[in-house]
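For reference, the structure discussed in these notes is given below.
For ligands, and for the atoms within them, numbers begin at 1 and follow the listed sequence.
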Amino acid sequence: MLFLTDYTLPELEKWFVDNGMQKFRARQVWEWFYVRGADSYEKMTNLPKNVRALLLKKLPLIQTKVQEIKTAADDSEKRLIELCSDNDFVESVWIPMGSHATVCVSTQVGCPIGCSFCASGSEGFERNLTTGEIVEQVWHSSIAHSRRGIKNLVFMGMGEPFLNYKNLVKAIKILNNENGLKIGARRMTISTVGIVNRIVDFGKDVPQSNLAISLHATNDTLRKQLIPNCPSTIDDLISALSEYFKMTHRKITYEYVLLKDINDSLEHAVELVKIIKKVPSKINLIEYNKVNFNDYESPGRKAVKNFSNYLYRKGIDVAVRRKKGDDINAACGQLRKVSRTSQCDI
Ligand code: SAH
């Protein structure tokens, strides 16, 4: 069954016409839902009764339910969201940044990549999210914070976005729609471990959004150890990224989780400079966030600063990513699969 949140606006207009309604009604419903946050057809007061009755029967609005919200000391909020079709769960994080906010979005239940330092894949992979299940993570945060607009999206929650490519791209279109949530494509960042053919597709299909690449190692042997199911070598990755840059002229952002005594030495920094100079790019260093099932450690503030300073002196555009929400396990790599009793009533 399809839900309102699975449709782009043009698809929804077609659906309305195919179901014997006027096309402009689709836009009305769209605005009630995305702009005014109406969570039932009853609240869409300018729709005639017969239209509402038909919609109620044929096009349910949403397919997920927020079961729990945890608030961190820095005000970030982690939502535990039930997927009503099968009682699976995902987590998404709303991160306030002054007058605006960023939402961190999940794209899969669990993750098949299995990075050894990340909680998301620790219990395996369950399934891809539908388009609507991706969109609704942002919608739930948006209606909860009506006066604090969501400006940025990072597809850095649970899962590997490029292994759910079709639904991801459609969700981006819906979230970007100017009659709806209107989140700028340039303000969306998709983080991938490096599915090379999808990097090139993404450059064609969504040239205005940003690409972040989880690099984490400077040679394939160590990378394979840290990212066991990584499907690409560093050389393949660099070729795909060069092609991506030729198409989009957008700088790539590398992500590099610093792990004590694993990838944080001066030798690693030297190798890293060589790699990241190959394509116009910047790098975000991420301090390792503790997850329970492994023995990795963060090298600590000072070592991170030294590593960062070295890259900076070599002319690299480098930043250290600020930790957000780690006290409620909402920081990078801490989102995970959970199970609970269902609370869905659809
Ligand atoms: N599958 C995508 C999205 C993952 S999450 C990808 O691999 O890019 C976003 C970032 O958080 C990735 O760079 C990921 O490697 C990083 N990450 C995972 N576990 C982490 C941890 N325990 N501490 C810090 N960062 C982590």
Side-chain angles (χ1 to χ4, degrees), residues 78 90-93 95 102-125 128-129 134 137 152-165 168 188-196 198-199 202 209-217 222-232 237 240-241 252-260 262-264 272 276 281-301 304 307 319-337:
K78 181 167 77 168
V90 285
E91 298 183 316
S92 82
V93 189
I95 308 157
T102 296
V103 177
C104 177
V105 181
S106 295
T107 51
Q108 297 183 313
V109 183
C111 182
I113 301 296
C115 297
S116 57
F117 47 83
C118 177
S120 298
S122 64
E123 283 163 59
F125 168 66
N128 279 335
L129 297 191
I134 299 173
Q137 294 172 52
N152 300 293
L153 294 184
V154 291
F155 292 84
M156 295 185 183
M158 239 194 276
E160 168 48 52
F162 279 179
L163 292 180
N164 188 10
Y165 187 77
L168 168 79
M188 299 187 198
T189 302
I190 287 74
S191 176
T192 176
V193 80
I195 315 292
V196 289
R198 289 313 191 191
I199 290 175
F202 191 69
S209 290
N210 306 299
L211 189 60
I213 300 290
S214 291
L215 187 62
H216 309 323
L222 179 58
R223 201 155 183 267
K224 192 84 193 156
Q225 230 171 288
L226 298 177
I227 315 174
N229 302 329
C230 181
S232 59
L237 196 56
L241 293 175
I252 284 106
T253 301
Y254 289 106
E255 295 162 289
Y256 193 92
V257 178
L258 280 161
L259 303 165
K260 188 174 178 194
I262 306 278
N263 65 359
D264 62 338
L272 191 54
I276 58 190
S281 58
K282 52 190 175 177
I283 182 163
N284 277 348
L285 299 176
I286 311 178
E287 244 187 275
Y288 166 68
N289 296 307
K290 189 72 196 152
V291 294
N292 281 333
F293 59 86
N294 65 44
D295 296 329
Y296 293 119
E297 279 176 51
S298 163
R301 277 277 145 81
V304 172
F307 198 93
V320 178
R321 186 178 290 169
R322 276 184 297 164
K323 257 187 210 278
K324 290 277 185 180
D326 57 326
D327 55 327
I328 54 161
N329 284 342
C332 283
Q334 293 181 319
L335 302 187
R336 60 185 311 156
K337 228 174 111 212

Subject >> Of all pairs that satisfy salt bridge (Lys or Arg N to Asp or Glu O under 4.0 Å), the ones with a partner from residues 109-124, not counting sequence neighbours >> reply: Glu123-Arg336
For [X], atoms of ligand 1 separated by under 4.0 Å from a heavy atom:
X      : result
Ile286 : 24 (C), 25 (N)
Ser214 : 6 (C), 7 (O), 8 (O), 12 (C), 13 (O), 15 (O)
Cys118 : 18 (C), 19 (N)
His216 : 13 (O), 14 (C), 15 (O)

Over all heavy atoms of both residues, which pair between [X] and [Y] is shortest? Give the atoms and the distance, please.
X      : Y      : value
His216 : Val257 : ND1-N, 3.1 Å
Gln108 : Asn128 : NE2-OD1, 2.8 Å
Cys115 : Pro228 : CA-CD, 4.1 Å
Ser106 : Met158 : OG-N, 2.9 Å

Closest protein heavy atom to [atom], given as residue, atom name and distance to 0.1 Å:
atom                    : answer
atom 10 (C) of ligand 1 : Glu255 OE2, 3.7 Å
atom 2 (C) of ligand 1  : Ser191 O, 3.3 Å
atom 21 (C) of ligand 1 : Cys332 O, 3.3 Å
atom 5 (S) of ligand 1  : Met156 O, 3.2 Å
atom 1 (N) of ligand 1  : Gly159 O, 3.0 Å
atom 18 (C) of ligand 1 : Gly333 CA, 3.4 Å
atom 16 (C) of ligand 1 : Val257 CG2, 4.0 Å

Polar proximity ligand 1 side, [X] side, N/O cut 3.5 Å exclusive:
X      : answer
Phe117 : yes
Glu287 : no
Tyr288 : no

Original post:
Under 3.5 Å, is there a donor-acceptor pair between the Tyr288 and Asn294 side chains?
Top reply: yes
Original post:
Can Glu160 and Thr192 be counted as having a side-chain donor-acceptor contact under 3.5 angstrom?
Top reply: yes
Subject >> Side chains of Thr253 and Asn210 in contact at under 4.5 Å (non-hydrogen atoms) >> reply: no
**OP:** Please work out which of the three classes, parallel, tilted or perpendicular, describes the rings of Tyr256 and Phe307, given edges at 30° and 60°.
**Re:** parallel
Subject >> Candidates Arg301, Arg321, Lys324 - the one meeting salt bridge (Lys or Arg N to Asp or Glu O under 4.0 Å) with Glu287 >> reply: Arg301
Subject >> 4.0 Å heavy-atom contact, Ile113 with ligand 1 >> reply: no
Original post:
Counting only heavy atoms, which portion of Asn289 has something under 4.0 Å from ligand 1: side chain, backbone, both, or neither?
Top reply: both
